[in-house]
K.L.:
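Dropping a structure here in structure tokens format, bear with me for questions.
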There are 2 protein chains.
Amino acid sequence: MAGWEMDQKQAVMEKPQAAPRPGGRAARIQAAVFKAVDELKQAGEELTVPAIAARAGVTPSTIYRRWGTLADLLSDVAVRHLRPDGEPTDSGDWRADLRLWLEQYAEEMASEPGRAMMRDVLSADRAANACTCSAYTGQQLDVIRQRALARGDTPPETAVLMDRVIAPVIYRILFTHEGADGDYVAGLVEGVLGEG
Amino acid sequence: MAGWEMDQKQAVMEKPQAAPRPGGRAARIQAAVFKAVDELKQAGEELTVPAIAARAGVTPSTIYRRWGTLADLLSDVAVRHLRPDGEPTDSGDWRADLRLWLEQYAEEMASEPGRAMMRDVLSADRAANACTCSAYTGQQLDVIRQRALARGDTPPETAVLMDRVIAPVIYRILFTHEGADGDYVAGLVEGVLGEG
DNA sequence: CTCTAAAAGCAAATTTTTTGCTTTAGTGGA
DNA sequence: TCCACTAAAGCAAAAAATTTGCTTTTAGAG
């Protein structure tokens, strides 16, 4: 069965928008713009380049020159939020950890903000951001998997988890009006854990 | 295991952009605009509302008033093309039919036009179009399934096919740089056909 | 400390989008 | 068939957005 190559070095660690001189002005402006986007979203304001620029204390042309389009900017903002903030919890029982992590993942992605972020990531011309997202996911699953392996256990391949759980969950969220509720996810998880 | 509700009457048959008075002016204009989009895409021209309007011999405000945004228009155009043009071939061997149909489906969706159409469908605010897409897919699978059932055979549930084949294929196409090649699809198909 | 290259600011030009009002086309009733 | 009536299209002006040429600032290298 075909699988996934995670290609961590390449896809995972690259910054959404390569920051040439980190720590300098470029980074400050990027941060200001990203923050502006978040704040405007939060406030429910219209998300336009001029509005974002004003909020960030920056000239619109700066944004246009750096990101090209609003879609690309929003895509970069989305991946930032999609980046996992820590490792999955380690209870000693990898099956429990896996179930828990997947439940939380599904819930987050199915939420309105989650859906919006996915749409933002996919709407950009640049495919790299979408790849980064799935790499993040694979990375997290790998952490749980490695723990299991370290204990001599045989968890399912990451590729299998992507195909059998992640993909169906995301597909449902993106393409149907039924969410990916707890029962659905649990069913998928049992499907893979049942075999090996 | 949780499944899919196809909900055919609701999701499948609804027009992408409800045409109030079919056959009238509204329909003609819609057709002209859709054709204009296709032609401009074909010609590799910039896809802007004014350009589309000009090509369609229509005023831009007509498009803005009817579709709101370019994304919504492109979304409608995309679903139109995603609508299946016929039933899956019937060779008498439903497994072969299924394999063939899935291969073709994967290939079409993985192609650059296919990817673009999916992005267009998903980029619109309106979630209905994405639902329509997956409903189309479920419908086609159901056709193959019904034939098998009619012969007293026991094909996998449509829901299972969606979860185990369609979802992984689409996820891969949308979120990774590896395509969904023939081997990958074949592997997925064997996965479901192997069990029942 | 100066020099350089990259990126930001600014402002004008261009293009796209919105909007108020007028005109036209299709529908239903006399 | 003719006459209203309604929904949608056309038109044009206004508003908003994006692009672009040029100037200024900034961080980093020598």
Side-chain angles (χ1 to χ4, degrees), chain A residues 14-41 43-77 80 119-120 123-126, chain B residues 14-41 43-77 80 119-120 123-126:
Chain A
E14 82 181 359
K15 300 273 194 327
Q17 154 87 12
R21 298 173 180 175
R25 177 173 57 167
R28 274 203 312 284
I29 295 237
Q30 197 187 49
V33 170
F34 285 162
K35 188 153 80 76
V37 170
D38 289 340
E39 290 171 352
L40 288 177
K41 256 195 200 153
E45 312 255 342
E46 270 250 280
L47 230 48
T48 66
V49 171
I52 295 165
R55 182 91 188 200
V58 150
T59 274
S61 64
T62 295
I63 294 180
Y64 288 119
R65 286 223 161 89
R66 275 191 58 164
W67 281 278
T69 70
L70 177 61
D72 285 338
L73 168 56
L74 295 183
S75 175
D76 283 355
V77 171
R80 277 176 88 74
R119 274 194 285 115
D120 287 347
S123 298
D125 294 330
R126 106 185 48 174
Chain B
E14 81 181 358
K15 300 272 195 324
Q17 154 87 13
R21 297 172 181 177
R25 176 173 57 167
R28 274 204 311 282
I29 296 237
Q30 197 186 50
V33 169
F34 286 161
K35 188 153 78 76
V37 170
D38 288 340
E39 290 171 353
L40 289 178
K41 256 194 200 152
E45 312 256 342
E46 270 250 280
L47 229 48
T48 66
V49 172
I52 295 164
R55 182 91 186 199
V58 149
T59 274
S61 64
T62 295
I63 293 180
Y64 288 119
R65 286 223 161 90
R66 274 189 61 163
W67 281 278
T69 70
L70 177 61
D72 285 338
L73 168 56
L74 295 183
S75 175
D76 283 355
V77 171
R80 276 176 90 74
R119 274 194 285 114
D120 287 347
S123 298
D125 294 330
R126 111 184 46 178

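Treat the numbers as computed from the prediction; the structure is a model and nothing was measured. In what follows, every chain begins at residue 1, and chains take the letters A, B, ... in the order their sequences are listed. Atom set for the values below is all heavy atoms of this structure, side chains included, hydrogens, waters and symmetry mates excluded.
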K.L.:
Measure the distance from CH2 on B:W67 to P on D:dA8 and round it to the nearest whole Å.
P.N.:
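Rounding to the nearest Å, CH2 of B:W67 and P of D:dA8 are 12 Å apart.
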
K.L.:
Could you give the CG-to-P distance, from A:D72 to D:dT18, as a whole number of Å?
P.N.:
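Rounding to the nearest Å, CG of A:D72 and P of D:dT18 are 12 Å apart.
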
K.L.:
Using the rule given for side chain to side chain contact (heavy atoms under 4.5 Å, CB included), can you reason through A:V77 versus A:D120, listing the C-alpha separation, both sets of side-chain angles and the distance that settles it, and then say yes or no?
P.N.:
CA-CA 9 Å; A:V77 171; A:D120 287 347; over 6 Å; no

K.L.:
Give each protein N/O atom lying under 3.5 Å from an N/O atom of nucleotides 1-3 of chain D, with the pair distance.
P.N.:
none

K.L.:
Look at the side chain of B:S123 and the backbone N and O of B:R119, then say whether any donor-acceptor pair between them is shorter than 3.5 Å.
P.N.:
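Side chain of B:S123 to backbone of B:R119, a donor-acceptor pair under 3.5 Å: yes, one is there.
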
K.L.:
Tell me: CZ of A:R25 to P of C:dA5, nearest whole Å?
P.N.:
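Taking atom P of C:dA5 as the reference, CZ of A:R25 is at 16 Å.
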
K.L.:
Please tell me if the side chains of A:Y64 and A:T69 come closer than 4.5 Å, counting only heavy atoms from C-beta onward.
P.N.:
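No, their side chains stay 4.5 Å or more apart.
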
K.L.:
Decide yes or no for B:L47 and B:L74: does some side-chain heavy atom of the first lie under 4.5 Å from some side-chain heavy atom of the second?
P.N.:
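Contact flag for B:L47/B:L74 side chains = yes.
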
K.L.:
Quick one: are A:V37 and A:L73 in side-chain contact, heavy atoms under 4.5 Å?
P.N.:
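Side chain of A:V37 against side chain of A:L73, heavy atoms only: contact under 4.5 Å found.
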
K.L.:
How far does CG of A:D38 sit from CD1 of A:I52, to the nearest 0.5 angstrom?
P.N.:
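Going from CG on A:D38 over to CD1 on A:I52, the span is 10.0 Å.
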
K.L.:
Identify, with sequence neighbours excluded, every residue that meets side chain to side chain donor-acceptor pair (under 3.5 Å) alongside B:S61.
P.N.:
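Here no residue qualifies.
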
K.L.:
Describe, as an angle rounded to 10 degrees, how the axis at the first end of the helix from C:dC1-D:dG30 to C:dA30-D:dT1 is tilted relative to the axis at the last end, five pairs per end.
P.N.:
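Terminal axis comparison yields 30°.
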
K.L.:
Check each of A:R66, A:R126, A:Q30 against A:D76 using the side-chain hydrogen bond (donor to acceptor under 3.5 Å, both in side chains) test, and report the only one that passes.
P.N.:
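Single pass found, and it is A:R126.
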
K.L.:
Quick test of your reading: applying side chain to side chain donor-acceptor pair (under 3.5 Å), list the pairs with at least one residue in residues 45-55 of chain B, sequence neighbours left out, ordered by first then second residue.
P.N.:
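Only B:E39-B:R55 qualify under side chain to side chain donor-acceptor pair (under 3.5 Å).
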
K.L.:
When you measure from the side chain of B:P50, which nucleotide among C:dT17, D:dA9, C:dA8 comes out closest?
P.N.:
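So the nucleotide nearest the side chain must be C:dT17.
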
K.L.:
Looking only at atom types and distance, does a side-chain atom of B:T59 sit under 3.5 Å from a main-chain N or O of B:T62, one as donor and one as acceptor?
P.N.:
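No.
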
K.L.:
How many Å lie between CG on A:L47 and C1' on D:dA17, as a whole number?
P.N.:
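A:L47 atom CG is separated from D:dA17 atom C1' by 14 Å.
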
K.L.:
In this structure, how many angstroms lie between the C1' atom of D:dA9 and the CZ atom of B:R66, rounded?
P.N.:
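The answer, rounded to whole Å, is 10 Å.
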
K.L.:
For DNA chain D, which residues in residues 52-65 of chain A have a heavy atom at a distance below 4.0 Å?
P.N.:
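A:S61, A:Y64, A:R65, in order of number.
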
K.L.:
Who pairs with B:D125 by side chain to side chain donor-acceptor pair (under 3.5 Å), at least two apart in sequence or on another chain?
P.N.:
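Side chain to side chain donor-acceptor pair (under 3.5 Å) check on B:D125 returns nothing, list empty.
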
